[in-house]
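A, B, ... follow the sequence lines: proteins, then strands. Residue 1 opens every chain.
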Amino acid sequence: MTKQQKQPPLILVDGSSYLFRAFHAMPALSASDGQPTGAIRGVISMMRRLIKDFPESPIGVIFDAKGPTFRNTIYSEYKAHRPPMPDELREQVEPIHAIIKAMGLPMFVIEGVEADDVIGTLARQATETGIDTIISTGDKDMAQLVNQHITLVNTMKDGDAFMDVEGVKTKFGIPPELIIDFLALMGDKVDNIPGVPGVGEKTALALLQGLGSLESVYERLEEVPALGFRGSKTMPKKLEEHKAQALLSKQLATIKTDVALEMGPADIKLVEPDKTALLDWFKKLEFKGWIEELLSAGETVDDVEQALDVTYETILTQQQLDNWTKQLAQAALFAFDTETTSLDYMKAEIVGVSFAIETGKAAYVPLAHNYVGAPEQLDRDQVLAQLQPLLESVDQKKVGQNLKYDQSVLARYDIELKGIAFDTMLESYVLDSTATRHDMDSLALKYLGHKTIHFEDIAGKGAKQITFDQVAIEQAAEYAAEDADITLRLHQALEPKLAEHPTLVKVFKEIELPLISVLSKMERNGALINPGLLQKQSVELAKRIDELEKEAFDLAGEEFNLGSAKQLGEILFNKLELPVIKKTPKGQPSTAEPVLQELALDYPLPKLILEYRSLSKLKSTYTDKLPEMINPETGRVHTSYHQAVTATGRLSSSDPNLQNIPIRTAEGRRIRQAFVASPGYKLIAADYSQIELRIMAHLSNDEGLLSAFSQGKDVHRATAAEVFGVPIDEVTDSQRRSAKAINFGLIYGMSAFGLAKQLGVSRKSAQEYIDLYFERYPGVLTYMDDIRHSAAENGYVETLFGRRLHLPEIRSRNQMRKKAAERTAINAPMQGTAADIIKRAMMSVDQWLTESQLDANMIMQVHDELILEVAEAQVDEVVAGLKLRMVAAADLSVPLIVDAGVGDNWDQAH
DNA sequence: GGGCGGTTATA
DNA sequence: GTATAACCGCCCG
């Protein structure tokens, strides 16, 4: 007998079953336009997996149609209690259908019957033509279809749970042909199939295993009591009573295999996917990973759709430059970008500049490419001199990507970039701070579906990376001109989106845009530090660290690396057998600070480790590093403030981070002593007092909190008095400490659990504190509830000035994620409003200092604090003016209080 | 050399 | 319980 080549199995997918399951299993994801995407992602990734698992097989996807089916005709109550499809799922159905079609998977929606019936019919027909079928479903009812040629697979389960005849027997305890009878007896709550009352899974199985089929059960009712299951004595009566219902249920539960279909299994064929359509959908839904996957190496989205229509010019002659200068002068808006030798704005040398005046029309002016065989280029100084009037003109509007960098670099060439009308990084950030990173490559992919040339593509990466002046001009031109072109295109995509939300336009134009230059100046001002002082501290720290290490080795009885949490854990918990208090997410015993703190009460080694850790941190991060960060030209350290990083609107600082310089310990404060004023100058440190709590008072309008602040009370003391029911001047230190923790907890959206941990009390007493607090400050409770609700309703929260933070997870069915989003919803308006306020203050202070020509500069910002360096003679005037402007930066229903200190160093100024 | 976990500095 | 950046060790390629 010649064995015929086995055909690959036909795959039939129960689309509707996966639709619902994906909807409920996935987090509440959404695209930035609000389109929900969780179910789409879930269903489509399931399809992708099937294609991967069965590359040879034709795959058909079947969905339920809208409207009644024949089952409603025979039983009007069928599926009558199903709630209507949630809107968020309904909005995802069309995209799912469209994407499945674009993937090249034949899709069927047949009215009057259910997906199950279509699948049953197709599977039977396939069997008849000698083709085996695999049905992909999450619905156990389908088990009735299983036979020698038909198996089930649950693609959503890990490891793809296959179920053949044996599998059905193992899982249900009965063969496939009895599944219908099983369902008929048991009924189905969800589909509203009645079944026989009093018969559940166990009874139905006992009946069928004992007597065969439903019909046979009814023929042999007198044998039922002998089966001996619970309630078997009264069962015949019940069965008899509900016989009609049982038979109806069987009819309802039976999947039809004889639906009249216009197509058959032969119509399910592999079709080439429609890449363009898929790209469109993935772009719209922001499925970035899948977009990248669709593209073969080196291919861009534009290769698949239409390539960008571009004319990029490389400017090597004076005539070309003159021509472009003229066109730039006439342009209402142009995009501008500099190419340099370094990311460090204080060291970067300009290598070239690029412009775009309209979509696709861009130019690159190479100025300092420096490699063997590089062509002669226009003189950098001359070109910059020619461009200077354009760049310095307020009326000549520019758009760029992170123009703070370009502004700082140009300042090194004594060019003051003005006329900054837009910055695409900030447009994206204001639009949705968390939707994406705000670098140009990410934005181009997200908003234009364009995969840009990455810097690493032309310069390499890691140790082998070359600087931009080493890059061949041909490649550099393509890269640089594209940057300008894409910047312009991004702006054209982002501006209309921003314009839809007038409050966001205000945040962009009145806060973020004017802040660019303020930050650029602060960064370039830099902070003066005394490296000798830090180096001296480093030596002292090294000595103490060395001593601690020796003592630790003695206690441990062996030498080990104190900096290795792994080795330390080994010593503490295995060798010395100290109790494990907490585990890290990866399961090893935690040696984090609070854990060691607790162990230190009973054992000597943890205390040593704590001191070792804190001193090593100070040494490696601050006393060793800061002197290395001093710029040799200016003798100062120049941080970078990032304007588009945090979710809430705060700035962040890096290289070095000047927003986490120690202050809590005496050792740490010595580091602040190394932040000094130049001779003849002083440092002023001015910080907002309790700004976030004041914002909470304002936003919540809580009477008690408002009056506490209005009367100038110590708010933690006032809270303690209320919560502990004592007169305000009898509040103990410990009560005040607790109240302070409660106040902080409120700002963080605390739970009783978290507060308990913080205070070291039981969860129950923490809850009592919280209850008492809300009793005394009911406005705060109302506010917290309101913000949770409005966050859930809108999907975002807002600061006082209209900045938005999107919180897609606020509707997550995963309670952990939902709760986390709720905490963010509570915290973000306070943290974000505080950020808005200090940003407004910085602009006001900057304007004042510039106009008054005072000998004073802002040099640092630490979230609620501004540090200025001021000529000694002007200190009093600047302190007064600074406080005035910081206080006036917002008009709240409670006073804003600013405390300012003056000193020769940062520690003294506090 | 790159990425990640664990830890710790700040508001 | 919120928001960050940066260090070290460790493991991988």
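Across all strands, K586(A) comes closer than 4.0 Å only to sugar-phosphate atoms, never to a base (heavy-atom distances). Residue contacts for R613(A): at a heavy-atom cut-off of 4.0 Å it reaches the sugar-phosphate backbone alone, with no base atom in range. Residue K757(A) is classed as a sugar-phosphate contact, given heavy-atom separations below 4.0 Å to backbone atoms only. In this structure, T591(A) reaches the sugar-phosphate backbone alone: every heavy-atom distance under 4.0 Å involves primed, P, OP1 or OP2 atoms, never a base. Within 4.0 Å of Q831(A), counting heavy atoms only, lies at least one base atom of the nucleic acid. Counting any heavy atom pair closer than 4.0 Å across all strands shown, R650(A) reaches a base atom. Within the nucleic acid shown, N660(A) comes within 4.0 Å of at least one base atom, counting heavy atoms only. Among the atoms of the strands shown, none is found under 4.0 Å from any heavy atom of K461(A). Contact annotation for I661(A): backbone-only contact, meaning every heavy-atom pair under 4.0 Å involves sugar-phosphate atoms and none involves a base. Backbone-only engagement by Q588(A) is indicated by non-hydrogen atom pairs under 4.0 Å involving sugar-phosphate atoms exclusively. Among the protein residues, D655(A) comes within range of the sugar-phosphate backbone only, with heavy atoms under 4.0 Å from sugar or phosphate atoms but none that close to a base. Within 4.0 Å of A828(A), counting heavy atoms only, lies no atom of the nucleic acid at all. Among the atoms of the strands shown, base atoms are found under 4.0 Å from some heavy atom of L755(A). Across all strands, Q567(A) comes closer than 4.0 Å only to sugar-phosphate atoms, never to a base (heavy-atom distances).
With hydrogens and angles ignored, no donor-acceptor pair under 3.5 angstrom links the side chain of R664(A) to the base of dA9(B).
A side-chain donor-acceptor contact under 3.5 Å links R840(A) to the backbone of A889(A). Using modelled atom types, one side-chain atom of Y429(A) and one backbone atom of T646(A) make a donor-acceptor pair closer than 3.5 Å.
Listed nucleotides: dC8(C), dT2(C), dA5(C). Nearest to the side chain of S620(A): dC8(C). The listed nucleotides are dG6(B), dA9(B), dT4(C); the one nearest the side chain of T646(A) is dT4(C). Listed nucleotides: dG9(C), dC7(C), dA9(B). Nearest to the side chain of T621(A): dC7(C). Checked against dG9(C), dC11(C), dA9(B), the side chain of K566(A) finds its nearest nucleotide in dC11(C). Comparing atom distances between the R672(A) side chain and each of dG9(C), dA3(C), dA11(B) picks out dA11(B) as nearest. Considering only side-chain atoms of I663(A), the nucleotide from dG9(C), dC7(C), dA11(B) that sits closest is dA11(B). Listed nucleotides: dT2(C), dG9(C), dT8(B). Nearest to the side chain of A592(A): dT8(B).
The pair D546(A)-K550(A) meets the salt-bridge criterion, with a side-chain N (NZ, NE, NH1 or NH2) lying under 4.0 Å from an Asp/Glu carboxylate O. A salt bridge is absent between K757(A) and E598(A); no separation between the charged side-chain nitrogens and carboxylate oxygens falls under 4.0 Å. We find that K617(A) and E667(A) are not joined by a salt bridge, their nearest charged nitrogen and carboxylate oxygen being 4.0 Å or further apart. For E570(A) and K566(A), the salt-bridge test fails: no basic side-chain N is under 4.0 Å from an acidic carboxylate O.
In this entry the distance linking CG of L541(A) with P of dA9(B) reads 13 Å, nearest Å. With rounding to whole Å, L618(A) atom CG is found 16 Å from dA6(C) atom P. With rounding to whole Å, L866(A) atom CG is found 13 Å from dA11(B) atom C1'. Separating the NZ atom of K583(A) from the C1' atom of dG6(B) is a distance of 16 Å, rounded to the nearest angstrom. Going from atom NZ of K617(A) over to atom P of dT10(B) covers 10 Å, rounded to whole Å. Across the protein-nucleic acid pair, I671(A) atom CD1 and dA9(B) atom C1' stand 9 Å apart, rounded to whole Å. Here dA3(C) presents its P atom at 18 Å from CD of Q861(A), a figure rounded to the nearest Å. Remark: P of dT10(B) and NE2 of H863(A) are 12 Å apart, rounded to the nearest angstrom.
Residue N561(A) has no polar side-chain atom (N or O) positioned under 4.0 Å from OP1 or OP2 of dC8(C). Between S652(A) and dA3(C) there is no side-chain polar atom (N or O) within less than 4.0 angstrom of OP1 or OP2.
Using the six-membered ring where Trp is involved, Y769(A) and F724(A) have ring planes that are perpendicular, over 60° apart on the 30 and 60° scheme.
Contacts between residues 736-747 of chain A and DNA chain C, defined by a heavy-atom separation below 4.0 Å, involve A741(A), G745(A), listed by number.
In this structure, Q815(A) places its CD atom where more than 12 heavy-atom neighbours from other residues, nucleotides or ligands lie under 6.0 Å away.
Taking CD1 of I571(A) as the start and CD of E558(A) as the end, the distance is 3.5 Å to the nearest 0.5 Å. Annotation: the span from K619(A) atom NZ to R544(A) atom CZ amounts to 15.0 Å, rounded to 0.5 Å.
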